[in-house]
Amino acid sequence: MDLEERYDFARTEPQWQRRWEAERLYEVEEDRDRPKFYLLEMFPYPSGALHMGHVRNYIIGDVLARYRRMTGHNVLHPMGYDAFGLPAENAAILRGVHPADWTYDIIRTIRRQLKMLGISYDWRREVASCHPGYYRWTQWMFLLLHRRGLAYRKLAPVNWCPQCSTVLANEQVEDGCCWRCHSVVGKRELEQWFFRITAYADRLLEDLDLLEGWPERVRTMQRNWIGRSEGVEIRFPVVGLDAALTVFTTRQDTVFGVTFMALAPEHPLLPRLLEGNGRAAEIREYIEKARKMTEIDRASTAREKTGVFTGHYCTNPLSGEKIPIWVADYVLMEYGSGAVMGVPAHDQRDFEFVRTHRLPLRVVVQPQDGPELDPATMVEASPAYGRMVNSGQFDGLCGEDALRRVADYIEEHGLGRRAVHYRLRDWLISRQRYWGAPIPVIYCSGCGVVPVPENALPVLLPPEVDFQPKGMSPLAACPEFVAAYCPSCGGQARRETDTMDTFVCSSWYFLRYLSPRYEGGPFRTEAAAYWFPVDQYVGGIEHAVLHLLYARFFTKVLYDEGMVPHPEPFRRLLTQGMVLKDGSAMSKSRGNVVSPDDMVRRYGADATRLTTLFAAPPEKDFEWTDQGIEGAARFVARVWRLVRAWKTIPGGPPRPPAEAERDLRRALHASLRRITCDLEERQQMNTALAAAMEMVNAAYAYRERVQPQDHDPAVVAEFLDILVRVIAPFLPHLAEELWRTELGRTGSVHCQPWPAWDRGALEADEVTLVVQVNGRVRDRLTLPADVTDGESIRLRALELDRVKQAVGGRRVARVVVVPGRLVNVVVE
RNA sequence: GCCGGGGUAGCCGAGCUGGCACAGGCGGCGCACUCAAAAUGCGUUGGGGCAACCCCCCGUGCGGGUUCGAAUCCCGCCCCCGGCACCA
C-alpha cells in the first residue's frame, strides 16, 4: 500500500450525496409489508446558519434513522422549518428586507448544510410553516379547536413583552422575563385568544405515565408545570354583605385554625368591600402599590408579607368564628380564587404574615411524632399532617382520614365542594406581530365572532405591510386585510389582525410530513394510521414544557376528533445535550460559534459527525475541541487504510482457524454485539463507537501478529463485510465508498441488512477466573471453558502459590465460586 | 423548600441486574519508519512504597451499613446541574 495515499473525503462525500439523491435512497412510501419507523428531529427555527450545537440534533437522529433502515424498517425521516416567528420579523426591520425573503434565504443555507452532512432525509416531504400551503392547515387547526370549544377569547391580564411588542404565553415567560429576548415582562389587560389546554390537564398528566421512552427529567418538568392539586373550595360568608368569599385549600384539616382571610389586591369583591368604608383610602393606596409592582418583585419570597385590614369580617362556616378580611399582595389572583384562608400555625406564609401584623395563631394539627406544638414558642409553621385538635367534632382525626372527613362534611352541609386546581393556565396564542399565521376569525357587528369557513382558507398574510412595531398588530394598519364580509350575514365586517403564536405551527408539523402536499386536509388519515406516532423524537431539553406540551395537547384533540390513532405523539424522546465552546453554549453574540461548514471543509462530514457522536452520551453537554475532531479524522482514515490494505487479500482454500483468527473473530463479534445493543436499546452512540474502534484495533493487532501472506481470506472477508456495515450509520460516506468502490459490492451499504453476531465466535476455549483472597485479587486461574465444576475449581484455586501465600496458613472459612467469573477464598 | 439528574484518571468518558475499577478517545512519554519532520504503526500512561522486577498499600464526592465481595444496594451528609416555587 502506498502510504502517501490519503482518503479524499472532499471528493468522496459530495459524490455519494449526489448519488444517493439520484437513487432516491431515502424516499419512502407507506408499505404495509414492512414495519414502519418514524424518526423525527425537532425542526429548526431559521434564524441563521446552523452551528455545531444545532447539527448535533440531526446527526444523532440520522444515526438512528440509518440503523433502523438496516434493521428492515420502513423509515420516515423528514425535515422542515419552523419558519414563522419574531426573529425573521426583527431581522427584516433591522435590515429592511421582507421576512419572507430573509427566511427563505436562511432555509436555503440550512438545507445546504444538512445535505453537506449527509443526513438521510426524504427531501420531497420538506415543509415550511410560513408557506400558505402549510399555514392554511394551521388555521384549520384553529377552527377545529374553536369548533370543539377549545379556542376562546377573553379579556385578561396578559404577559406583555415590551421589546418584542407582543403578548406571551405563560410557558414563554421565564423568571418574569421573555424567553426569547429576556426583557422584563409586564402585564396588560387585553382581549386575546386562548386555547383551553387546561381542559386536558388531567390527561396530559396521566398519560405521562405511558411515556416510558421519555427521560424522567422531562416528565417531571411537565408534572411540575401542570401542577395538579386536590382540595376543597370553601365558602366563607361575608358579614353584613350578601356575598361570600370562596377559597381553595388542600388543607381542609386546618380549617379550624383560620385566623384571617387574605384577598389578592385584584380580587373582584374588593370594590364592594370599599363602599362606605372609612379605611378606603388606605386600602386603595395599598392596591395601587401592588398593581405597580413588577411580577418579579411581587413574587419574591424574600419580601416581607405586607397587607391591610379591610375592616370587614367573614364567618368560618365550620367553626362559626368571625374572621377579619385583609388584602395581601402575596395572594395571587391567577391561582385558585384569589383568596386564601390564613392558617398561620400550619402554613409558613400565613405564619410570616401574622408575625408582622400581630394576628393570633391557633394550633389545630398536632404532628404524629415530635414535641407538642405550643403557639407561644413556635418559630415557624408546622405544615406536617397529623392529628386534628381544637377542631370540635373532628378532634382526633388523622392524616388522609382527616382530609376526607372534613371534605365530606363540607359537601354534605353545602359549605363548599371538592375541587382540583392546576398551575397550568390556558394557552394564550394571540400575537401582535406580522410574521405569523393570521387567526382565521371575522368580527361582525351583527353576528359577533365568526370563524372563517374552512373552504375560505388560507387567510393569506398580505405581503405589503408596514411591520414596524407600534404596540399594536401590524395587520391592523392594512385596510385591505382588515376589510371583510361576514361569512354568516354577508355584511361588512372586520378581520382579526393578530397572528398565532409560533408554537401553534409546531404543534402539528409532525403530521404534515405524512402527506406534505395533501390538499384535502392537514394530513391524510390513512397516512397517519400507518406512520403515527413518531417512534423516536430527538430534540433539545429547552422545549420540555413548551413545544412538547403543546404538541401533546394538539395530538389529544386530534385523537378525540378521530384523526390520529394514538393519544400521544412521541413514543420515545431523546433530549440531546448542548455543544459548548469555551465553557458556554454557542451563540453569535458570544462569538463562540463553531461552524459545521468549516469543519466539513477541513475534516469532512464523517469526521464532523463522529466528533459529535463520540464526545459524550447524546443527552449530555460536551465541549467542542479541535483535538476531538482530529482524533475523529484519524479514525476515519484508519478504517479506510485497513480496508484498502485488506481488500486485496487473495482468496484461498478454507483452512482450520488458528488462535489468531479465533481471537480476531471473537473481537469482531463481541464489538458487533455491543454496537447492536447500544443502538437498539440504549442509544449510546459514544459507546457503540468505542466498540467500533476496538473492532478496528483488533484488526490492526491481527496484522501485527500474522504475516500478510498468512492472513486468512475468509476471516478477513467476513471482517470487512461486518465492519463496513456497522460504521454505515455513523460514517455514511466512508462506508459507502468502501462498500461500493473498495469492496466492489453492488447496491448501497445503506440498504444492506444489519449483521447478526455469531454466538459461536464469542465462545472462548479457555476462561480466566479471578482468584481473590478476602475480596482482593491475588491471582488468576486459566481453565478450559468446559470446566464448570465448583469443587475442582475450588481445589485448583487453593493450589495456587500466591493464594497459599496470601492465606498464610490461616483457616479457610469458605470458598465462593462463581463459574466463569471468579473464586473468592475467605479466611479468618 | 419540593422534585429530577449527576459527582469515576491530566481531560472527555466506559463500567448492564453486586464479581478483575477505568473500555474507547484526547493529551503525555517512548520506540520504529525518515537525512529530518509530518503522517503512520507499535508500546506505555491512576497515586504511593521498593534500588529494582515480583510484590505490597491506597484509590469511584464524604461518613456509616449490608455482603464472601460495593463505583453499583441501603442509611446519613456534602457539592454540582436542571425544573418548580408566596400555587394556598
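Letters A, B, ... are given to chains in the order of the sequence lines, protein chains preceding strands, and every chain is numbered from 1.
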Report the distance from atom [atom1] of [X] to atom [atom2] of [N], rounded to the nearest whole Å.
| X | N | atom1 | atom2 | value |
| --- | --- | --- | --- | --- |
| H421(A) | A88(B) | NE2 | C1' | 10 Å |
| I675(A) | A23(B) | CD1 | C1' | 13 Å |
| F353(A) | A88(B) | CZ | P | 19 Å |
| F635(A) | C26(B) | CZ | P | 11 Å |
| M221(A) | C81(B) | CE | C1' | 12 Å |
| R423(A) | A85(B) | CZ | C1' | 8 Å |
| E630(A) | G27(B) | CD | C1' | 12 Å |
| E694(A) | G24(B) | CD | C1' | 6 Å |

For [X], answer base if it contacts any base atom (sugar-phosphate contacts may also be present), sugar-phosphate if it contacts only those atoms, and nothing otherwise; contact means non-hydrogen atoms under 4.0 Å.
| X | result |
| --- | --- |
| G631(A) | sugar-phosphate |
| V331(A) | base |
| D347(A) | nothing |

Legend entry - Pairs touching residues 332-347 of chain A that satisfy side chain to side chain donor-acceptor pair (under 3.5 Å), sequence neighbours left out: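 Every side chain to side chain donor-acceptor pair (under 3.5 Å) pair that includes a residue of residues 332-347 of chain A, provided the two are not neighbours, is S229(A)-Y335(A), D347(A)-R349(A).
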Flag for [Y]-[X]: side-chain donor and acceptor within less than 3.5 Å:
| X | Y | answer |
| --- | --- | --- |
| Y550(A) | E171(A) | yes |
| Q684(A) | D678(A) | no |
| Y330(A) | D350(A) | yes |

If we take the [atom1] atom in both [N] and [M], what is their distance in whole Å?
| N | M | atom1 | result |
| --- | --- | --- | --- |
| C33(B) | C26(B) | C1' | 24 Å |
| G7(B) | U44(B) | C1' | 29 Å |
| C20(B) | C77(B) | P | 31 Å |
| C78(B) | C29(B) | P | 43 Å |
| U72(B) | U66(B) | C1' | 13 Å |
| G10(B) | U67(B) | C1' | 35 Å |
| C58(B) | G69(B) | P | 15 Å |
| C73(B) | C16(B) | C1' | 15 Å |

Would you confirm whether [X], through its side chain, and [Y], through its main-chain N or O, come within 3.5 Å as a donor-acceptor pair?
| X | Y | value |
| --- | --- | --- |
| N592(A) | K581(A) | yes |
| R796(A) | I793(A) | no |
| N686(A) | P618(A) | no |

Inset, instruction - Please state whether the base of C84(B) and the side chain of N224(A) form at least one donor-acceptor pair under 3.5 Å? - result: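 Per atom types, no contact qualifies.
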From C-beta outward on [X], which listed nucleotide comes closest to its side chain: [options]?
| X | options | result |
| --- | --- | --- |
| R821(A) | G19(B), G27(B), A88(B) | G19(B) |
| V770(A) | C3(B), C20(B), C68(B) | C20(B) |
| W225(A) | G24(B), C68(B), C84(B) | C84(B) |

Legend entry - Residue met sooner reading RNA chain B from 5', once G775(A) and A637(A) are mapped to nucleotides: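 That would be A637(A).
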Inset, instruction - Between V218(A) and R303(A), just flag the one whose closest nucleotide in RNA chain B comes earlier from the 5' side. - result: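 Whichever sits nearer the 5' end wins; that is V218(A).
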Inset, instruction - Please check the phosphate of G27(B) (OP1 and OP2 only) for any side-chain N or O of R634(A) closer than 4.0 Å. - result: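 R634(A) to G27(B) OP1/OP2: side-chain N or O found under 4.0 Å.
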Legend entry - N or O in side chain of R217(A) less than 4.0 angstrom from G5(B) OP1/OP2: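 Checking G5(B) against R217(A), no side-chain N or O comes under 4.0 Å of OP1 or OP2.
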Inset, instruction - Would you verify whether the NZ or CZ of R251(A) falls within 45 degrees of the ring axis of Y385(A) while also being under 6.0 Å from that six-membered ring's centre? - result: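 Geometry flag: set, cation within 6.0 Å and 45°.
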Inset, instruction - Measure from NZ or CZ of R703(A) to the centre of the six-membered ring of Y700(A), then state whether that distance is under 6.0 Å and the direction lies within 45° of the axis. - result: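 The answer is yes, since R703(A) meets both limits relative to Y700(A).
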Legend entry - Plane angle bin for H543(A) and H547(A) - parallel if under 30°, tilted between 30 and 60°, otherwise perpendicular: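 Rings of H547(A) and H543(A): perpendicular, over 60°.
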Legend entry - Aromatic plane relationship, Y7(A) with W640(A) - under 30° parallel, 30 to 60° tilted, over 60° perpendicular: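 It falls in the tilted class, 30° to 60°.
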Could you list the protein-to-nucleotides 42-44 of chain B atom pairs, N/O on both sides, closer than 3.5 Å?
residue, atom, partner, partner atom, Å
C42(B), OP2, R638(A), NH1, 3.4

Rounded at 0.5 Å granularity, tell me how far [atom1] in [X] sits from [atom2] in [Y].
| X | Y | atom1 | atom2 | result |
| --- | --- | --- | --- | --- |
| Q576(A) | I59(A) | CD | CD1 | 10.5 Å |
| I727(A) | L734(A) | CD1 | CG | 4.5 Å |
| R6(A) | R641(A) | CZ | CZ | 9.0 Å |

Using a cut-off of under 3.5 Å, enumerate the N/O to N/O pairs linking the protein to nucleotides 54-57 of chain B.
residue, atom, partner, partner atom, Å
C55(B), OP1, R802(A), NH1, 3.0
C55(B), OP1, R802(A), NH2, 3.2
C56(B), OP1, R778(A), NH1, 3.0
C57(B), OP1, R778(A), NH2, 3.3

Inset, instruction - Mind listing the residues from residues 250-264 of chain A sitting with a heavy atom below 4.0 Å of RNA chain B? Number order is fine. - result: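 Close to the strand are T250(A).
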Inset, instruction - Could you tell me whether E400(A) atom CD has more than 12 heavy atoms of other residues or ligands within 6.0 Å of it? - result: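 Counting other residues, nucleotides and ligands, CD of E400(A) stays at 12 neighbours or fewer.
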Legend entry - Residue E212(A) excluded, over 12 heavy atoms near CD under 6.0 Å: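 Check fails, neighbour count at 12 or below.
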Inset, instruction - Please tell me if the side chains of T254(A) and M341(A) come closer than 4.5 Å, counting only heavy atoms from C-beta onward. - result: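 Contact flag for T254(A)/M341(A) side chains = yes.
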Legend entry - Close side-chain approach of T259(A) to L361(A), heavy-atom, < 4.5 Å: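 T259(A) does not reach L361(A) side chain to side chain.
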Show me the protein contacts with nucleotides 11-15 of chain B, counting only N or O atoms at under 3.5 Å.
residue, atom, partner, partner atom, Å
C12(B), O2', A615(A), O, 2.7
G13(B), OP1, K620(A), NZ, 3.2
G13(B), O3', N686(A), ND2, 3.4
A14(B), OP1, N686(A), ND2, 3.3
A14(B), O2', R674(A), NH2, 3.2
G15(B), OP1, R682(A), NH1, 2.6
G15(B), OP1, R682(A), NH2, 3.0

Inset, instruction - Quickly, which of F351(A), W326(A), F353(A) forms a ring pair (Phe, Tyr, Trp, His ring centres under 6.0 Å) with F260(A)? Name it, please. - result: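 When F351(A), W326(A), F353(A) are each tested with F260(A), the ring pair (Phe, Tyr, Trp, His ring centres under 6.0 Å) holds only for F353(A).
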Legend entry - Structure string for RNA chain B in dot-bracket form, Watson-Crick and G-U at under 3.5 Å, | interchain: (((((((..(((......[....)))((((((.......))))))((((.....))))..(((((..]....))))))))))))....
